[in-house]
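If you're wondering where the values come from, they're calculated on a predicted model, not measured in any experiment. What's counted below: heavy atoms across the whole structure, side chains too, no hydrogens, waters or symmetry copies.
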Amino acid sequence: MRDSPDFEIGGIEVARGESRRINLPVVSLYTNTDMAIPVYVRRGKRTGPTIFVCAAVHGDELNGIEIISRLIQSRGLKSLRGTLIAVPMVNVYGVLQHTRYLPDRRDLNRSFPGSAKGSLAARMAYVFLREIVAKCDYGIDLHTGAAHRSNLPQVRANLDDTDTRAMARAFGVPVLLNASIRDGSLRQAAADLGVRILLYEAGEALRFDELCIRAGVKGVINVMRHLEMLPKGRSGNSIEPFIARSSGWLRAGDSGIAKHIKALGDHIYEGELLATITDPYGKELDQVRSNGEGIIIGKQNIPLVLEGEAMYHIAYFRKPQEVVENLELLQDSLLPDENF
């Protein structure tokens, strides 16, 4: 564990039993304005693991900001063991501009491990990795779908690793994806440092989704309980997660106006009609049909599509109906936790 007595971020020491709000300097903009990442650190009086929870690596993905806000305000953190580092906005510039990217049009989640003398994105990645990630044992990275795309609550991780898989199952959402690591991603950089990390995907960019937010708050708390950073909560209906065998996107066969028939979370069968594509006069140009039995875990929301554009993200399970039943159970179970 990396929970040492001498703990500091950005040159600011945080003793056991203390909490601090820190503005972590990153870069200066051409306006001579310093840009800093807001960081909340809370340390329990007793030793334990160190975990970071971060949001808005992509600046237009907002659900995670609210998840972290609610986590910070949780009364249950009074019983914390170890250290929680909560970063509600990693890509501050992107949040200000309502954009996924940084001023140099770079994707921060493709810029790790970064460089002290590189581009703005590289410098931000370097500081975040050195000052936050490298000081942790575990991490949870909060994301949403891109603009005009919604994701069903899901956890992506290296599920071949036993400890990571146990964390993912503890999070408590029905869908787990054994996702490959992308070059330059935060997940890759964290793994290279020996930090086990989960990626939570839920909702749509630039929107708050209450179900996704509540599932995220509960999931983070569940993981912290699993790691014995927090006391066990009251028992309730447990969500049995299912690992997707594979997943893939179904794409538009023509350009036009999409008329969706199936929705996020639907159980679909091979050959089933998901949407039709028409021209502006209503003439049907294409039918989008499922290429196998599975669950819709991602969906394009805007009705205007171009030929080849991704429309439905399908996860394939051995028992899709049980996944749907657990999605319904998840919605029913998201009641306020009396300890939080």
Would a hydrophobic clustering, with Ile, Leu, Val, Met, Phe, Trp and Tyr connected at side-chain separations under 4.5 Å, put I51 with I72?
yes
Mind checking whether E61 and L142 have side chains closer than 4.5 Å, heavy atoms only?
no
Quick one, D34 with S28, criterion side chain to side chain donor-acceptor pair (under 3.5 Å). Give me CA distance, side-chain angles, the key distance, then yes/no.
CA-CA 4 Å; D34 291 332; S28 293; 2.7 Å; yes
Considering all heavy atoms of both residues, which atom of R16 and which atom of K45 are nearest to each other, and what is their separation?
CD-O, 3.8 Å
Grab the two heavy atoms, one from A310 and one from Q300, that are nearest each other, plus how far apart they are.
O-OE1, 3.6 Å
State, with a plain yes or no, whether a side-chain heavy atom of I197 is found less than 4.5 Å away from one of F52.
yes
Residues A147 and A205: closest non-hydrogen pair is N-CB, 3.7 Å
Look up atom CD1 in I261 and atom CG in L273, then write down how far apart they are to the nearest 0.5 Å.
3.5 Å
Test side-chain contact (heavy atoms from CB on, under 4.5 Å) on I295 and H267 and set out the steps.
CA-CA 5 Å; I295 305 295; H267 178 190; 3.9 Å; yes
Roughly how far apart are D141 CG and R187 CZ, rounded to 0.5 Å?
9.5 Å
Within 6.0 angstrom of R130 CZ, more than 12 heavy atoms from elsewhere:
yes
Can you sort out the partners of D107 under salt bridge (Lys or Arg N to Asp or Glu O under 4.0 Å), two or more places apart, ordered by chain and number?
R100
Apply the test side chain to side chain donor-acceptor pair (under 3.5 Å) to residues Y93 and D104: give CA-CA distance (whole Å), side-chain angles for both, the deciding distance (0.1 Å), then the verdict.
CA-CA 11 Å; Y93 177 90; D104 51 8; over 6 Å; no
Minimum heavy-atom distance E13-R20, with the two atoms named
O-NH1, 3.4 Å
Check for me, please, whether I65 and I68 land in the same ILVMFWY cluster - side-chain distances under 4.5 Å, paths through other members count.
yes
Any F112 side-chain heavy atom under 4.5 Å of D192 side chain:
no
Taking the side chain as everything from C-beta on, heavy atoms only, tell me whether N151 gets closer than 4.5 Å to I297.
no
Is V223 close to Y138 at the side-chain level, that is, under 4.5 Å between some pair of heavy atoms?
no
Name all residues meeting the side-chain contact (heavy atoms from CB on, under 4.5 Å) criterion together with S19; count only those two or more places apart in sequence or in a different chain, and write none if there are none.
Y40, R42
Start with the C-alpha distance between T50 and I85, add both sets of side-chain angles, then the distance that settles side-chain contact (heavy atoms from CB on, under 4.5 Å), and finish with yes or no.
CA-CA 8 Å; T50 300; I85 306 174; 4.2 Å; yes
Are there more than 12 heavy atoms of other residues, nucleotides or ligands under 6.0 Å from atom CZ of R245?
yes
Within the 3.5 Å criterion, strictly below it, is a donor on S150 or N301 matched to an acceptor on the partner's side chain?
yes
Kindly say whether T47 contributes a backbone atom to a donor-acceptor pair with the side chain of R81 at under 3.5 angstrom?
yes
Would a single hydrophobic cluster contain both W249 and I277, if residues Ile, Leu, Val, Met, Phe, Trp and Tyr are joined by side-chain heavy-atom contacts under 4.5 Å?
no
Taken to the nearest 0.5 Å, the spacing of C54 SG from L199 CG works out to 8.5 Å
Any donor-acceptor pair under 3.5 Å linking the side chain of R123 with the backbone of G118?
yes
Mind checking whether L274 and Y269 sit in one hydrophobic cluster, side chains of I, L, V, M, F, W, Y counted as touching below 4.5 Å?
no
Note, E131 side chain near I37 side chain (heavy atom, < 4.5 Å)
no
Is there a salt bridge (charged side-chain N to carboxylate O under 4.0 Å, His left out) between R289 and E270? Walk through the geometry before answering.
CA-CA 8 Å; R289 293 185 177 272; E270 185 173 1; over 6 Å; no
The reported gap from CG in D60 to CD in Q97 (rounded to nearest 0.5 angstrom) is 12.0 Å
If you round to the nearest 0.5 Å, how far is CZ of R207 from CG of N63?
11.0 Å
Around atom CD of E284, are there more than 12 heavy atoms of other residues, nucleotides or ligands at under 6.0 Å?
yes
Looking at CG of L264 and NE2 of H313, how far apart are the two atoms once the value is rounded to the nearest 0.5 Å?
11.5 Å
Between the main-chain N or O of G292 and the side-chain N or O of Y316, is there a donor-acceptor pair closer than 3.5 Å?
no
Kindly give the heavy-atom pair with the smallest separation between L285 and D254, and that separation in Å.
CB-OD2, 3.8 Å
